[in-house]
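All values reported here derive from a predicted model rather than from experimental measurement. To find a chain, count down the sequence lines: A is the first, B the second, and so on, and within it residues start at 1.
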Amino acid sequence: MAAIGKTVLDKGWLAARSTEVDLTGEQLTTGDPPSVADPRPPWMEASVPGTVLGTLLKNRLIPDPFYGLQNESILDIADSGREYYTFWFFTSFECKVSNNQHVDLNFRAINYSAEVYLNGHKEVLPKGMFRRHSIDITDFLHPDGKNLLAVIVHPPDHPGKIPPGGGQGGDHEIGKDIAAQYVEGWDWMAPIRDRNTGIWDEVSITVTGPVKIVDPHLVTTFFDDYKRAYLHTTTELINKSAQEAECSLNIQVSTEREGNVCLV
Amino acid sequence: EHLDTLQISLSPGEHAQYTFPQLSFYKPILWWPNGMGKQSLYNVEITVNVKDYGESDTWSNHFGFRKIESTIDSSTGGRLFKVNGQPIFIRGGNWILSDGLLRLSKERYKADIKFHADMNFNMIRCWAGGLAERPDFYYYCDLYGLLVWQEFWITGDCDGRGDPVSNPDGPLDHDLFLFCARDTVKLLRNHPSLALWVGGNEQVPPSDINEALKNDLQLHPYFKDSSEG
């Protein structure tokens, strides 16, 4: 039985330019996993969380864009096309759960859209740089506990072009998407060539029992010149099981005093 | 008195919302911005135990007792802030993100934000063209007492200005914008450093987005009667 809680997937990621990978997502996650040692490139160690440009820099395939004028020598997405910065990301992880446990695969932010493959099963992640994605993968986990995960990440729909003179926000096309807008360059910033495409925030799996806690909300009210306070707590709960769940929902507020002594 | 338990029942597949009875605190140790006092933090832990299974899920988060108010001063047009009833002179820094390649490590966030605190700042403004900042950013703002002015993603790219002229109606997909905005609020709303949501940079969003944001972010009527007395 797996321990309840979150495991961050931030190690062992590989990446490859999508145009250089001739396998499908199903094939990538059901056959032999790719490796940087493969005689056929294109797989490289990836920065996850991070951007495609960060991965390319990590592998010294581009110069550091923030050093001197080196950004000028990096191909801009307006000239290369979106496919050039469309990348596969791949990793494997171990997770084996018992019958009444459930597992979610969580992405805290992807820029801009993606398709996720886990052990041959596909899930499409919708557009939007600033949104979380959570997929129930319980039924897709491999019985032996070894799981293969591949994610193809697409750049923003409107990466825009950078006018010869630069300017505030380039040609402003990026503003059509729900994405960071500085990436077309500003008066203080050169354009970011991949427009920050990538899995740019935490990836994790969470194991729960039949019932999951979602997005608790804490609010305080004060009275009597701050002598009295009330903490109001609301939470969402999801019963992921096919049975009625009799639950005991507990809240505890503590403050840490000296060392590890906890005062309730 | 800072513990409570609810007995509830959930149908198969049910997605429900529950509110605990309010927990009472006498003389809570307040969270203060940098320069006004300590950044006292409590730990809130929620667990759900299921009959015949045991602990099913747990969630914990640090939490600061504070009340932040802001109003527009009619004589100057400036925004005035109060924290825990006390006026505060805002000394702020503008922020886009920690790194243009989004290598957003905890170490770098800690160094960046502590540096702002060491400069005697008490607010960071997250500019609309950059990031809705991450929980790690907010964690260190909580820890070092930096209030956060967080803007949504509306800039000169979305208002019909500029050369060439930008799309005058903001992002193409307004529903997607609002979905992302709501999800971001849920991600960040429990941080004591979060002081103010702002629609965009130097402008208001398209009217439908602006109205929806104002409506969703207004204080629930239940809390309007509370008074610091």
- Examine distances only and state if a side-chain atom of A:N239 and a backbone atom of B:S11 form a donor-acceptor pair shorter than 3.5 Å. yes
**Request:** Answer whether the closest heavy-atom distance between the side chains of A:T220 and B:W31 falls below 4.5 Å.
**Result:** no
Just by distance, do the side chain of A:R108 and the backbone of B:P135 share a donor-acceptor pair under 3.5 Å? no
Turns out that what part of B:R66 lies under 4.5 Å from chain A's heavy atoms comes down to backbone
Honestly, the part of B:L97 sitting under 4.5 Å from a heavy atom of chain A is side chain
Using 4.0 Å as the upper bound for N to carboxylate O, is an ion pair formed by A:D201 and B:R134? yes
Query raised in the report: Is A:L249 close to B:Y18 at the side-chain level, that is, under 4.5 Å between some pair of heavy atoms?
Result: yes
Turns out that what part of A:I192 lies under 4.5 Å from chain B's heavy atoms comes down to side chain
Bottom line for A:I4: the part with an atom under 4.5 Å from chain B's heavy atoms is side chain
Determine whether a donor-acceptor pair (N or O, by modelled atom type, separation under 3.5 Å) exists between the side chain of A:Y226 and the backbone of B:G85.
yes
Okay, B:L131 and chain A: the region with an atom under 4.5 Å from a heavy atom over there is both
query: So, A:N196 side chain and B:G100 main chain: donor-acceptor pair closer than 3.5 Å or not?
result: yes
Applying a strict 4.5 Å limit to non-hydrogen atoms, the region of A:H158 in contact with chain B is side chain
Can you check whether B:G162's main-chain N or O pairs, donor with acceptor, with A:H172's side chain at less than 3.5 Å? no
- Task: Taking the side chain as every heavy atom from C-beta outward, state whether A:I178 and B:F179 have any pair of such atoms under 4.5 Å apart.
- Result: no
Chain A shares the most heavy-atom pairs under 4.5 Å, among B:D159, B:V50, B:N190, with B:N190
- Is there a donor-acceptor pair under 3.5 Å between the side chain of B:N43 and the backbone N or O of A:S254? no
One option among B:T184, B:D163, B:N84 has the most heavy-atom pairs under 4.5 Å with chain A, and it is B:N84
Below 3.5 Å, can you tabulate the donor-acceptor pairs from side chains in residues 59-69 of chain A to any protein atom, sequence neighbours excluded?
unit_1: A:N59; atom_1: ND2; unit_2: A:E45; atom_2: O; d: 2.7
unit_1: A:N59; atom_1: ND2; unit_2: A:T55; atom_2: O; d: 2.8
unit_1: A:D64; atom_1: OD1; unit_2: A:F66; atom_2: N; d: 2.9

Under the 3.5 angstrom rule, does the side chain of B:D57 hit a backbone N or O of A:T208 as a donor-acceptor pair?
no
Against chain B, residues from residues 240-247 of chain A with at least one heavy atom under 4.5 Å, in numeric order, are A:S241, A:A242, A:Q243, A:E244, A:A245, A:E246, A:C247
**Report entry** Main-chain N/O of B:D157 paired to A:Q181 side chain as donor or acceptor, under 3.5 Å
**Finding:** no
Chain A shares the most heavy-atom pairs under 4.5 Å, among B:H15, B:K27, B:H220, B:K186, with B:H15
(Q) Ring-plane angle category for A:F130 and B:W153, please: parallel below 30°, perpendicular beyond 60°, tilted otherwise. (A) parallel
Applying a strict 4.5 Å limit to non-hydrogen atoms, the region of B:L176 in contact with chain A is both
Okay, A:L218 and chain B: the region with an atom under 4.5 Å from a heavy atom over there is both
Worksheet entry | Exam field: side chain B:N167 to backbone A:G175, donor-acceptor pair closer than 3.5 Å | no
Turns out that what part of A:A190 lies under 4.5 Å from chain B's heavy atoms comes down to neither
